[in-house]
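As a basis for the values below, the full set of heavy atoms in this structure was taken, side chains included, without hydrogen atoms, waters or symmetry mates.
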Amino acid sequence: MTALGAAAALGASLLAAPPAQADDEPVEQITNGDFSDGTTGWWASAGLDLVVNDEGVLCVDVPGGTGDPWDQIIGQNDIPLVSGESYAFSFSASGAGRPVRALIQEPVDPWRTQLDERPVLTTETSSHEYVFTSSADMDDAQVAFQIGGAVEDWVFCLDDVSLLGGAEPPVYQPDTGPRVRVNQVAYLPHGPKNATVVTDSEESLPWELTDTDGAVVAEGDTVPYGLDASSGQNVHTVDFGGVTQAGQGYTLTADGETSHPFAISAAPYAELATDALEFYYTQRSGIEILDEIAPGYGREAGHVGVAPNQGDTEVTCHHSEPCDYALDVSGGWYDAGDHGKYVVNGGISVHQMMSVYERAHTAPTGNPDRVSDSSLAIPERDNGVPDVLDEARWQMEFLLSMQVPEGEELAGMAHHKVHDERWTGLPLMPAADPQPRYLHPPSTAATLNLAATAAQCSRVFAPYDTEFAAECLTAAETAWEAAVANPERYAAAGGEGGGPYDDDTLVDEFYWAAAELYLATGAGTYEEAVTSSPMHTEDVFTASGFDWRWTAPLGRLQLAALPNGLPDRDEVRASVVEGAEQYLANVEEHPYGLAYAPDDGVFAWGSNNLVLNNLVVVATAYDLTGEPRFRDAVLEGMDYILGRNALNQSYVTGYGTNDAVNQHSRWYANQLDPALPNPPAGTLSGGPNSDTGTWDPVAQANLEGCAPQFCYIDHIDSWATNELTINWNSTLAWVSAFVTDQGDASSPATASCEVDYVVHGEWTGRFNTQVTVRNTGDVRVEGWEVAWSFPGAQSLDRHWSGVLTQSGHAVTAGDAEWNAAIAPDGEATFGFIGTLPAGAANAVPERFTLNGAVCG
């Protein structure tokens with residue numbers, strides 16, 4: 001994520017309004033703004049020649065090949081500003097289709113801005129005017145036009161520069177559209193369907209639902225709620241869950257307002273689940289992004305050492321803690337809108353991606369086929385490995401590369417991050433980044449993230465690449481030992497060129513890493529680390545939710561959801577259900593179906609990520625209990641993300657009538673440069689952030705006094721409310737995959753069967769298993785096929801009394817003809833010899849299907 005220290009590089013007023021005339025004519029603050037006195041009062045960066053042409057216009061030949069906008073500047077100093085005064089800043093300019101950055105700012109570091117605008121110029125002269133309110137008294141403010149960063153030479157022309165006080169103060173008023181707020185994408189046919197109406201009425205109001213032809217298909221009365229503290233609005237709710245007919249173009253009307261259109265369909269969620277994962281391909285570092293794979297997003301490989309890049313192929317340590325080695329840390333995913341790569345945030349991101357795969361194989365409604373090979377648009381399609389794991393591997397190999405080499409001080413620990421020496425500006429393609437890159441000192445948090453994810457990697461990759469799985473497990477155990485030996489190496493707060501990702505509470509990371517290592521190995525050492533941790537019995541599911549900084553819930557969810565032999569696993573599972581109850585209650589009690597209710601009422605940076613992670617807990621409770629109320633809470637909770645909120649804003653690019661499209665990014669920067677794209681479909685915005693201490697200049701200039709749900713603006717410079725990150729998209733991918741697996745949300749099909757899976761003996765690298773399938777129904781089974789997925793590195797060797805095959809983790813056992821029929825209360829038995837790598841756990845599968853339906 002972008003650090004607050006980047007204020008020099010970003011944000012200010014979004015609004016423009018004509019200046020108001022005071023009783024006295026406002027004083028012009030710009031010297032020689034019409035260039036009638038040549039270049040008097042103006043300066044330029046070295047190498048730029050200021051020339052006033054015959055028409056009295058200042059023009060400059062701007063050389064290409066610079067990295068950042070501020071590499072070449074035209075400016076004027078010593079501009080007086082009065083705190084609280086509003087100013088109109090205007091100018092005329094031309095510039096061959098180039099964006100230019102117009103600033104009013106401090107003249108020295110940290111270059112705090114009062115105005116930051118980026119008009120896109122054309123060859124025709126155009127006029128631009130902006131209004132801002134100064135937040136400080138200054139007698140030496142600077143007007144600057146940053147014109148660097150172009151690849152090719154170009155000509156910038158400027159005229160009629162003016163700065164006048166006495167302007168009407170700008171007021172940001174978001175366009176919230178119709179007062180009837182719905183999920184702008186889709187409701188599942190047999191799932192909950194709720195909407196919110198913003199109204200002054202205290203009495204119930206009639207509503208009607210119409211289909212795409214305008215026919216009324218349902219009607220009723222709203223339910224008054226009253227004042228919603230999170231939005232400051234008086235609202236009613238509408239429940240139209242009785243409508244189950246699939247279709248497009250439905251609208252809801254109440255109080256004279258008609259909602260944005262929406263579908264009743266499960267199909268959009270399958271698309272969203274795919275798009276949310278395909279986002280990672282265009283976030284890749286160290287590889288050319290091919291336009292034929294991601295149309296509109298093709299770009300050169302970033303940080304591979306091709307000038308002006310200095311590359312990630314041989315990176316040494318930051319001068320704050322130097323070392324005598326360099327690492328090849330190319331690859332991985334760019335963390336967010338900048339070019340940094342961070343182990344702690346990369347950890348939770350790749351974990352949730354691998355968990356998409358694991359849940360598909362273990363949850364009652366999981367679908368292994370949905371995460372198969374050739375399910376994503378990535379270069380590794382058709383290689384026999386599920387695409388979600390191919391994408392995860394791109395990040396895992398980067399995380400492994402961040403481990404301090406054997407023989408070095410702190411060997412086995414993981415460097416906290418790698419990023420540029422200094423912040424770069426927007427827009428900037430990864431391949432054009434000229435900054436030197438450094439490894440930042442190893443941290444215990446990063447090391448434990450590596451231990452946790454590498455242990456998970458060893459399980460999920462075992463059937464596809466045994467050598468890589470073994471490499472992951474070795475790295476995980478080495479990292480664990482290093483973290484135990486160095487339990488209090490904390491990342492520094494603050495810094496330049498990248499986000500700090502500092503964290504001074506590590507008991508949660510120790511718990512998560514121990515849980516993953518126990519699931520991978522079953523070893524007593526890790527079992528003891530799990531059960532002795534205070535996190536094991538503490539209520540880890542807080543009102544504020546969880547993210548990269550608070551990872552104890554990841555360990556708890558994994559221990560509850562994945563097969564394992566933990567003695568108190570029933571208590572673990574019960575704790576997840578108990579934690580989910582509070583988030584379910586939030587959804588049921590909130591007029592917008594919001595699963596997030598922090599104790600202090602303050603929405604944190606990345607609140608949408610916290611909303612979705614709360615839904616992960618609720619979804620896991622559904623997987624554990626099968627109780628539809630948990631599933632329905634997840635479905636309703638998604639409505640908030642997709643438009644049923646105070647701003648009538650879908651926070652996912654490409655989904656909904658009013659979708660977020662200007663997330664903070666250096667290369668999805670269409671708002672700054674029309675030649676660049678917006679973020680790809682399926683990209684989640686961070687969302688409302690009412691923690692004013694973390695605000696960027698755009699938020700500061702426009703959102704003062706906002707109710708929590710209104711503390712958001714779809715602007716590329718508002719990194720505090722509108723950034724994109726890999727860990728926010730990972731939870732979107734997880735939850736949208738869960739929703740996809742619910743089909744139309746009708747009751748899932750179950751089979752009348754029970755399965756006993758008994759390991760009768762284990763010896764070096766092998767185990768003997770007997771499986772009995774029992775018909776608990778009233779109908780004779782004629783021909784059977786039993787399927788399950790191995791939880792870890794198990795594989796088939798010999799089998800009998802059935803025909804057994806294995807593909808990845810998935811195993812299918814068919815009858816042997818002579819035992820094809822199973823009478824009511826009857827059973828069929830078969831067996832196999834399995835193999836298992838040394839040190840790997842032999843957990844018993846828990847999800848079995850009979851002829852395609854889950855045994856229940």
Side-chain angles (χ1 to χ4, degrees), residues 1-4 6-7 10-15 113 116 132-133 135 169-177 179 181 196 198 227-235 336-337 543-545 547 586 590-614 637 639-653 656 658-664 671 683-725 728:
M1 300 179 192
T2 302
L4 299 179
L10 299 169
S13 172
L14 298 176
L15 304 165
T113 59
D116 185 345
F132 69 98
T133 300
S135 63
V171 177
Y172 173 63
Q173 190 68 38
D175 181 3
T176 57
R179 288 184 288 104
R181 310 291 159 78
T196 306
V198 181
L227 181 66
D228 165 39
S230 70
S231 65
Q233 299 168 322
N234 188 76
V235 294
S544 298
D547 60 4
N586 293 343
H590 198 280
Y592 282 108
L594 180 57
Y596 176 60
D599 289 333
D600 58 5
V602 176
F603 281 32
W605 191 337
S607 65
N608 284 343
N609 159 69
L610 300 171
V611 171
L612 288 169
N613 276 333
N614 288 351
D639 296 343
Y640 169 85
I641 296 295
L642 296 174
R644 186 193 172 199
N645 52 58
L647 286 168
N648 215 357
Q649 174 78 62
S650 169
Y651 290 111
V652 181
T653 302
N658 181 36
D659 59 321
V661 295
N662 294 313
Q663 288 97 325
H664 175 75
Q671 188 177 4
T683 300
L684 178 70
S685 166
N689 173 6
S690 60
D691 182 0
T692 58
T694 67
W695 277 5
D696 52 74
V698 168
Q700 292 168 358
N702 294 279
L703 301 179
E704 182 178 358
C706 56
Q709 280 202 59
F710 279 92
C711 297
Y712 168 82
I713 191 165
D714 185 17
H715 193 279
I716 195 169
D717 283 338
S718 186
W719 69 81
T721 76
N722 200 39
E723 193 164 17
L724 55 86
T725 75
W728 296 345

J.: Just checking, is any N or O donor in the side chain of D228 or S231 under 3.5 Å from an acceptor N or O on the other one?
T.: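 Present: a donor and an acceptor within the cut-off.
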J.: In the structure I gave you, are the side-chain heavy atoms of L227 and V235 within less than 4.5 Å of one another anywhere?
T.: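 A side-chain contact is absent here, since even the closest heavy-atom pair is not under 4.5 Å.
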J.: Donor-acceptor pair, distance only, cut-off 3.5 Å: does the side chain of D659 make one with the backbone of S650?
T.: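 No, because the side chain of D659 does not come within donor-acceptor range (under 3.5 Å) of the backbone of S650.
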J.: On a heavy-atom basis, which atom in F710 and which in L703 lie closest, and how many Å separate them?
T.: O-CD2, 3.8 Å
J.: What are the two closest heavy atoms between N613 and D547, and how far apart are they?
T.: ND2-CA, 4.2 Å
J.: Take F603 and Y712 through the test ring-ring contact (aromatic ring centres under 6.0 Å, His included) and record every step on the way to the result.
T.: CA-CA 11 Å; F603 281 32; Y712 168 82; over 10 Å; no
J.: Would you call the rings of Y651 and Y640 parallel, tilted or perpendicular, taking 30° and 60° as the class edges?
T.: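 Y651 vs Y640 ring planes: tilted.
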J.: May I ask you to check whether T653 and Q663 show a side-chain donor-acceptor distance below 3.5 Å?
T.: yes
J.: Can you give me the closest heavy-atom contact between G601 and P708, atom names plus distance?
T.: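 Closest approach of G601 to P708, heavy atoms only: O-CG, 3.6 Å.
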J.: Is any side-chain heavy atom of V611 closer than 4.5 Å to a side-chain heavy atom of I641?
T.: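 Yes, close enough: below the 4.5 Å cut-off.
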J.: Is there a side-chain contact between L642 and V652 (heavy atoms, below 4.5 Å)?
T.: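 Touching, per the 4.5 Å side-chain cut-off.
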J.: Among T694, T721, N608, whose side chain to side chain donor-acceptor pair (under 3.5 Å) with N689 holds?
T.: T694
J.: Between the side chains of H590 and S230, is a donor N or O closer than 3.5 angstrom to an acceptor N or O?
T.: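 The answer is yes; a qualifying pair exists.
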J.: Please report the closest heavy-atom contact between P170 and T133, naming both atoms and the distance.
T.: CD-OG1, 3.3 Å
J.: Can you confirm whether the side chains of N722 and D714 place a donor and an acceptor under 3.5 Å from each other?
T.: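 Note: N722 and D714 side chains meet the donor-acceptor criterion.
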J.: Report yes if the side chains of Q233 and V198 come closer than 4.5 Å at any heavy-atom pair, otherwise no.
T.: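 Counting from C-beta outward, Q233 and V198 do come under 4.5 Å.
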